[in-house]
Amino acid sequence: MDIARLVSTRSTCTRRRVGAVIVKDKRILATGYNGPPTGLVHCKEIGCLREKQNVPSGQRHELCRGLHAEQNAIIQSAYHGTSIAGAILFCTTLPCSICLKMLINAGIEEIVFEDGYPDELAQNLLQEAHITITKYNLEGDA
């Protein structure tokens, strides 16, 4: 989780900095943090669309220039041809419903998270998915 926290410092999101690390067999396969696609202007430079429209956290995910940390980690894996099936995701924030659907289809078997996320659909999907969910505690034990 310390590595996920470190990765989150690269985020350019003005609302929430999130870091994700995908691990399998005690090896880091990919990392990701939230921010716009490569080469596009960062929200720190032009402002946040969601803030301007007063969109509450956990709603209207499509109204954002950025990709979520989990999405970027999955994309990095695909870009480099690394299978993440059977892996564990360590993420500073519980994934939203969009990311969770991607993680399910990518074959992630466990999610270790630090902070919650207000997405009711994600909670419903987690009840149905065959993914182990673990809340990380600050003492270092998952």
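Among all heavy-atom pairs drawn from S57 and R15, the shortest one is N-NH2, 3.7 Å. Taking both residues in full, the closest heavy atoms of P95 and A122 are given as O-CB, 3.7 Å, listed atom of the first, atom of the second, then distance. Summarising the geometry of C96 relative to E70, their closest heavy-atom pair is N-OE2, 4.4 Å, with the distance given to 0.1 Å. Taking every heavy atom of both residues into account, G19 and S8 meet most closely at N-CB, 3.3 Å. A pairwise comparison of heavy atoms in K24 and A87 identifies CB-CB, 4.0 Å as the closest pair.
Side-chain atoms of D119 come within 3.5 Å of backbone atoms of S97 as a donor-acceptor pair (strictly under, hydrogens ignored). At least one donor-acceptor pair closer than 3.5 Å links the side chain of Q71 to the backbone N or O of H68. Listed for the S11 side chain is a donor-acceptor partner under 3.5 Å among the backbone atoms of N34. Side chain of S77 to main chain of A73: a donor-acceptor pair is present (N/O by atom type, distance under 3.5 Å, no hydrogens or angles). Distance alone, capped at 3.5 Å, places no donor-acceptor pair between the T31 side chain and the V21 backbone. Checking side-chain atoms of R50 against main-chain N and O of Q59 turns up a donor-acceptor pair under 3.5 Å.
In this model, no donor atom of one side chain and acceptor atom of the other lie less than 3.5 Å apart for E114 and T93.
Looking at heavy atoms from C-beta onward, T12 lies in side-chain contact with P36 at the 4.5 angstrom threshold. At a threshold of 4.5 Å between non-hydrogen side-chain atoms, the residues V41 and R65 count as touching.
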Quiz prompt | Check against side-chain contact (heavy atoms from CB on, under 4.5 Å), E109 and I88 | solution = CA-CA 6 Å; E109 290 186 354; I88 300 170; over 6 Å; no
Quiz item: Could you walk me through whether R17 and R10 pass the side-chain contact (heavy atoms from CB on, under 4.5 Å) check?
Solution: CA-CA 8 Å; R17 299 178 118 192; R10 295 191 44 83; over 6 Å; no
Practice problem: Carefully, step by step, assess V18 and C13 under the rule side-chain contact (heavy atoms from CB on, under 4.5 Å). | Solution: CA-CA 9 Å; V18 180; C13 180; over 6 Å; no
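Residue I111 is found in a hydrophobic cluster whose other members, listed by chain and number, are I22, L29, I74, I84, L89, L94, I98, L100, M102, L103, I104, I108, F113, Y117, L121, L125, L126, I131, I133; membership requires side-chain heavy atoms under 4.5 Å apart, directly or through intermediates.
Between K52 atom NZ and L63 atom CG the span is 13.0 Å, to the nearest 0.5 Å. For the atom pair OG1 (T92) and OH (Y33), the distance works out to 14.0 Å, reported to the nearest 0.5 Å. Considering SG of C48 and CZ of R16, their distance stands at 11.5 Å, rounded to 0.5 Å. Between the OG1 atom of T38 and the OH atom of Y79 there is a distance of 8.5 Å, given to the nearest 0.5 Å.
Heavy atoms from other residues, nucleotides or ligands lying under 6.0 Å from CD of E128 number 12 at most.
Applying the side chain to side chain contact (heavy atoms under 4.5 Å, CB included) rule to E120 yields the partners N124; only residues at least two apart in sequence or on another chain are considered. Listed by chain and residue number, L40, L67 satisfy the side chain to side chain contact (heavy atoms under 4.5 Å, CB included) test with P37 (two or more places apart in sequence, or in another chain).
By the criterion of side-chain heavy atoms lying less than 4.5 angstrom apart, applied directly or through intervening Ile, Leu, Val, Met, Phe, Trp or Tyr residues, I28 is grouped together with F90 in one hydrophobic cluster.
Tested against R5, the residues D2, I3, T9, V7 include a single side chain to side chain contact (heavy atoms under 4.5 Å, CB included) partner, D2.
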